[in-house]
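Keep in mind that this is a model prediction, so the values were computed, not measured. Just so it is clear: chains get the letters A, B, ... in the order the sequence lines come, proteins before strands, and each one is counted from 1.
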Protein chains: 2
Amino acid sequence: MAYNIVSLSELTAQFERLPGIGKKTAQRLAFHVITSDEAYAKRFAAALLDAKAKIHLCKNCYSLTDNEICSVCADSSRDKSIICVVGDPKDVLAFERTREYKGVYHVLHGVISPLDGVGPEKLKIKELIARLSDSGVKEIIMATDPTVEGEATASYISRFIKPMGIKITRLAYGVPVGGNLEYADEVTLKAALDGRNEI
Amino acid sequence: MAYNIVSLSELTAQFERLPGIGKKTAQRLAFHVITSDEAYAKRFAAALLDAKAKIHLCKNCYSLTDNEICSVCADSSRDKSIICVVGDPKDVLAFERTREYKGVYHVLHGVISPLDGVGPEKLKIKELIARLSDSGVKEIIMATDPTVEGEATASYISRFIKPMGIKITRLAYGVPVGGNLEYADEVTLKAALDGRNEI
């Protein structure tokens with residue numbers, strides 16, 4: 001093509017590597033940066049490098065933090081006897097948004113998925129077991145995604161923890177609050193029926 | 001909120017400033033960058049700074065370029081007697097993708113929009129008039145967006161060019177190729193009827 005600007009193509013390519021961003025959107029975003037003031041590009045670039053340089057995994061629960069241990073683990077008011085086990089660092093933020101959960105977390109960084117070549121040894125499972133051995137943990141909430149892989153991961157881990165005499169719970173299944181019954185799939189609806197409570 | 005990482009919030013904020021990127025998407029993109037390898041963040045940051053530093057407006061047609069004049073203006077095989085007037089640098093890319101247009105461009109960098117405080121003086125209109133006075137331009141294709149503002153801009157500019165004896169054309173209106181008549185709005189459909197051609 002006659003009209004080709006190397007640095008524009010390169011920026012478009014970087015945007016295109018982001019999840020859910022296609023070729024056209026990537027081009028639109030690149031044009032936006034180029035036609036915005038220079039301060040924006042500089043601040044954006046600095047934010048990318050800064051976040052990548054400062055953020056790493058919490059030594060205790062493997063969620064993201066810019067300190068040695070994350071703010072949840074460091075918070076003395078959190079109940080260390082309850083550990084919520086999630087697959088992804090993003091899930092921690094989702095639980096924190098509820099402002100209800102007062103326990104701590106453990107991030108597995110994935111779920112067991114043989115098809116994708118992810119075996120248990122690639123997840124932070126032995127690190128979870130190690131956390132359980134030394135302290136007074138009373139309950140483990142298995143909060144991996146409600147998918148086949150998430151379920152398999154939860155039951156795999158449960159097998160190790162059950163013998164330790166620690167209570168293991170799983171998130172409740174049911175219809176989403178504010179959702180529309182019409183759009184609920186039959187498996188979810190069956191789970192909601194099975195788990196029905198007296199009012 | 002207990003769980004707050006400053007550099008993560010800052011990166012999320014920068015993503016959120018992009019057009020069409022909401023809070024949740026911005027967070028997802030920020031997490032993606034943080035959990036990707038370091039080389040990606042570095043390359044992305046470099047691409048942002050590089051594109052912003054190198055790309056500026058073509059001195060002749062005001063499209064984007066990393067040279068003094070853009071590759072279209074610099075191409076001796078392009079017909080300099082036809083100028084396609086567009087509102088946005090992105091529109092040049094859209095025309096170039098057709099691989100049909102062999103003339104050159106002029107980018108206005110906006111359309112007249114009194115409600116947004118954009119008057120004719122903020123657009124590259126006098127630069128267009130200047131281009132016409134010194135060379136043998138035979139035709140101006142008004143290719144501003146088919147919106148109220150785009151139309152107003154096209155007719156505003158036409159008033160200056162008509163007295164110069166230069167042919168002025170406007171893009172044809174009609175139903176989009178590959179589109180579905182069912183979804184065509186009545187104004188477009190009327191325009192397609194009015195502009196019908198014998199087959």
Side-chain angles (χ1 to χ4, degrees), chain A residues 1-8 10-15 17-21 25 27-38 40-56 63-67 70-72 75 77-78 88-90 92-93 95-97 99 109, chain B residues 1-8 10-15 17-21 25 27-38 40-56 63-67 70-72 75 77-78 88-90 92-93 95-97 99 109:
Chain A
M1 197 157 98
Y3 192 78
N4 183 31
I5 305 172
V6 178
S7 48
L8 177 63
E10 165 68 10
L11 182 56
T12 305
Q14 297 311 317
F15 272 117
R17 285 179 62 185
L18 293 169
I21 305 287
T25 305
Q27 197 174 72
R28 194 162 47 87
L29 300 180
F31 268 100
H32 177 82
V33 171
I34 291 165
T35 51
S36 296
D37 56 307
E38 205 182 334
Y40 176 49
K42 283 192 173 162
R43 214 176 145 184
F44 197 162
L48 281 166
L49 297 175
D50 198 50
K52 187 61 198 171
K54 284 189 186 157
I55 299 175
H56 46 254
S63 65
L64 300 178
T65 178
D66 50 1
N67 279 308
C70 74
S71 54
V72 173
D75 185 347
S77 73
R78 305 289 294 236
D88 195 278
K90 275 196 285 291
V92 172
L93 272 183
F95 275 103
E96 285 301 292
R97 273 196 296 268
R99 295 167 187 269
H109 288 271
Chain B
M1 194 157 100
Y3 192 77
N4 184 29
I5 306 171
V6 178
S7 48
L8 178 63
E10 165 68 9
L11 182 57
T12 305
Q14 295 312 316
F15 272 117
R17 286 179 62 184
L18 294 169
I21 305 287
T25 306
Q27 198 175 71
R28 192 162 48 88
L29 300 181
F31 268 99
H32 178 82
V33 171
I34 290 165
T35 50
S36 296
D37 56 306
E38 205 181 333
Y40 177 49
K42 284 193 172 161
R43 216 177 143 181
F44 197 162
L48 281 165
L49 297 175
D50 197 50
K52 187 61 196 167
K54 285 190 184 157
I55 299 175
H56 45 255
S63 66
L64 300 178
T65 177
D66 50 2
N67 280 307
C70 75
S71 54
V72 173
D75 185 347
S77 74
R78 304 291 293 238
D88 194 278
K90 276 195 285 289
V92 172
L93 271 183
F95 276 102
E96 286 300 293
R97 274 196 294 267
R99 295 166 185 270
H109 288 271

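- With B:Leu11 as the partner, the side-chain contact (heavy atoms from CB on, under 4.5 Å) test is satisfied by one option alone out of A:Leu49, A:Asp50, A:Leu48: A:Leu48.
- Taking the six-membered ring where tryptophan is involved, the planes of B:Phe44 and A:Phe15 are perpendicular, since the angle between them exceeds 60° and thus also 30°.
- When each of A:Ala46, A:Ala51, A:Ser77 is checked for heavy-atom pairs under 4.5 Å with chain B, A:Ala51 comes out on top.
- When each of A:Lys54, A:Lys42, A:His32 is scored by its heavy-atom pairs under 4.5 Å with chain B, the top score falls to A:His32.
- Rounding to the nearest 0.5 Å places CG of B:Leu18 at 3.5 Å from OH of A:Tyr40.
- One finds the CZ atom of A:Arg28 at 7.5 Å from the NZ atom of B:Lys90 (value rounded to the nearest 0.5 Å).
- Between the A:Lys52 side chain and the B:Ser36 main chain, a donor and an acceptor come within less than 3.5 Å of each other.
- Note that OG of B:Ser63 and CD1 of A:Ile5 are 7.0 Å apart. Values are rounded to the nearest 0.5 Å.
- Note: A:Thr25 OG1 to B:Ile21 CD1 = 7.5 Å, rounded to the nearest 0.5 Å.
- Taking OG1 from B:Thr12 and CG from A:Leu93, the interatomic distance works out to 8.5 Å, rounded to the nearest 0.5 Å.
- Atom CG of A:Leu64 is separated from atom OG1 of B:Thr35 by 7.5 Å, given to the nearest 0.5 angstrom.
- Annotation for B:Arg97 and A:Gln27: closest pair NH1-OE1, 3.5 Å, computed over non-hydrogen atoms.
- Contacts with chain B were tallied for A:Ala47, A:Ala41, A:Ala13; A:Ala47 has the most, counting heavy-atom pairs under 4.5 Å.
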